[in-house]
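I have placed the structure first, in the form of structure tokens, so that the comments after it can refer back to it.
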Amino acid sequence: MTSNLPIAGCLIPYLIQAKEDTSANAKVIFSPDDINRLGSVIVQIKQQKEKSQPPNTKYFETILSDSKHLYQAVMMQQFPTFSIIKISQFQVQKSKGYILNATCEQLNVGQSLIGSPVLINFEALDSKAKQPQPTPQPHTKPVLSLPKSQSNNNNNNNRQDPSAALVDPGLANRDVMPISQLSSSTTDFCIEAIVRSKGPVRTWSKATSSGSLMSFELSDANGEIKATAFNEQQRQFENLLEVGKVYRFSGGHVKPIDPKFNKLAHPCELSFGTQTRVLLMENSNVKISYEFRRISDISELTAGTKIDVVGVIIDSQDIASVNIKNRSEPTPKKTLSILDDSNTSITVTFWGRAAQKLHSETKKNDVIVIKSAQVSDFNQKSLNCGDGTVFEVEPTDIPEASNLKMWYEKNSSVIEQGVSSLSLQSGMKTGSTLSTISNLRRVTINDLVDQKQKGNFANQTPQKALFLKINCYISRIRSTSNDKLVGYYNSCSKCKKSRTTEEYCEHCQDHQLPVKQYKMFMRIQDQDDSASAEILGETVGHKLFGMKADEFFAKSSAEQDDITAEQLSRMFTCTVKVSEYSGNIRYNIITAEPTDYAALAREEDYELVVSRLVVQNLLS
DNA sequence: CCCCCCCC
């Protein structure tokens, strides 16, 4: 009976044998017989990234875990994340220790990653060294009888923590220079900085090079810089450096940034190398420094810019999990709206670990201080916070935060009305209709038709789509020519991707039945014009028809028409995404809420807002 | 030496 758990260290004997193979072959092949001899290989899929090589080869860059170590693999097959798989034959690439061409059988799917595995250090593997395994397991025994071929004479300190060699107490006596003064001509330096963010470990593998890396963001009184450690240094610095602690750093390469990738203000970045030395400074007074931008000024900043902001939380959405393209697992997301004394608010979205951390800390009317939020064009203008972001709720030692808190407490009763938001507020439960009107986003269908005719939507590529608000009802869901309704696609209930087969999902191998999702063209109509629009996915369809697609399409066409007539005689307030794709303008209905007529009536300048000027303003 | 940074 096979256990369904990964076997710690199970790939190590194979990697060692491959490494010590003296033949001229680039790879060592392990047959089922070899596996009987060297021990079963049962591992967990940590992650897979789909890659393609023209003309038509698809493969998956994969990280395997044995619960203690991570291994890089190239696989032709995709498994659900956290699957436990048994490998019956495979190859090991000799220079880097990659697992290739594995023949595998999926045993089951785990809920999460088992253990806290770290990337295997292939260079340091050696049949003489003690295995990192504290409890020797039967299958590791054959390792000891492997030929001890290589003479390796520089392992005099292989029992010590290798990162200890990086610590240099002498740095305590060095002169320290500000981070802001580092330049690409700097050859010798010592900085004292707080590690404000760290990781995660990333691995890469391509034709020219491969390895692992980790990035850190270092901050001192008036500057910040990104530092990256590769391979051996990645493992050492990952262990050595802790977020929130202050260190002195010397040695390493200072090079100009590529502004495409590094959005910090510093013109340079650091690479930690073999020469880099560090010293923990327990009593340092170096703190994270902030350079706050007013929220109203963010409208002028281009997407990607990283900034510091301080704001009062005026709206907070529950943590949610969303499916993101190219990512197999759902990602936690938490969205706030923050306001500062420029009387402007903006939506701030926290992702992944940042969302989980924030969730427990945040409540309305708290002041939040954010270091390194990234400007985005999502919903017009918004901010994203991820692994590199540092934030503090209700800090006591930041004057800007205390001042803002006082401003808010003094003025909160009067500022409600005057707030303008830089972000479209889809899904936000704000009471203020005025703030949405100030975004000038409500148009009529006639405006859409008119602007389309004038070619004014031609620049709205799918990435740069325009979002508008309309009030409309749905006048028709059937084709005018043949009365047919094709309104759904089948999606995988687990990974949500489109499914073409009933039996299982090609993307994640899930075997549950597919779920219908709305993908429906319809005629939208308001008081004086109509247009064709599409809805996609469950949320909006559910809002419009009052039920899930599975339920709707289980009904007869007569019943569907009844539902349509009943539901759709009501006016909805919709967000429409306008995008241009290969010459066609598409309208996608993104959100739909029953129209709040009372709120509409309160919009005194409604007539003005719906005029054609609105769209022209938006587009200019 | 990497290069993802997200959703409607």
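Proteins come first, then strands; the chains are lettered A, B, ... in the order of their sequence lines, and each starts at number 1.
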| field | Protein-nucleotide distance (A:Q517, atom CD; B:dC8, atom P), rounded to Å | value | 12 Å
| Residues in ring-ring contact (aromatic ring centres under 6.0 Å, His included) with A:F391, at least two apart? | A:F350
| query | What is the ring orientation for A:F230 with A:W204, classed by angle as parallel under 30°, tilted 30 to 60°, or perpendicular over 60°? | reply | perpendicular
| Under 6.0 Å between the ring centres of A:F545 and A:Y518? | yes
| message | For a quick test of reading the model, state the closest non-hydrogen atom pair linking A:D526 to A:C472 and the distance between them. | response | CB-CA, 4.5 Å
| said: Need one value for A:S215: base, sugar-phosphate or nothing, where a base atom within 4.0 Å counts as base even if backbone is also close, heavy atoms only. | reply: nothing
| message | Is there, by distance only and without an angle test, a donor paired with an acceptor across the side chain of A:K577 and the base of B:dC8 below 3.5 Å? | response | no
| said: Does the Lys NZ or Arg CZ of A:K96 fall within the cation-pi geometry relative to A:F122 - under 6.0 Å from the ring centre and within 45° of the axis? | reply: no
| Under the 5.5 Å and 30° test, is A:F378 stacked on the base of B:dC7? | yes
| message | Under the rule for salt bridge (Lys or Arg N to Asp or Glu O under 4.0 Å), what residues qualify as partners of A:R277, not counting sequence neighbours? | response | none
I'd like a list of close polar pairs between nucleotides 3-5 of chain B and the protein, N/O only, cut-off under 3.5 Å.
residue, atom, partner, partner atom, Å
B:dC5, N4, A:F261, O, 3.3

| message | Taking only side-chain N and O atoms of A:T335, does any of them lie within less than 4.0 angstrom of OP1 or OP2 on B:dC7? | response | no
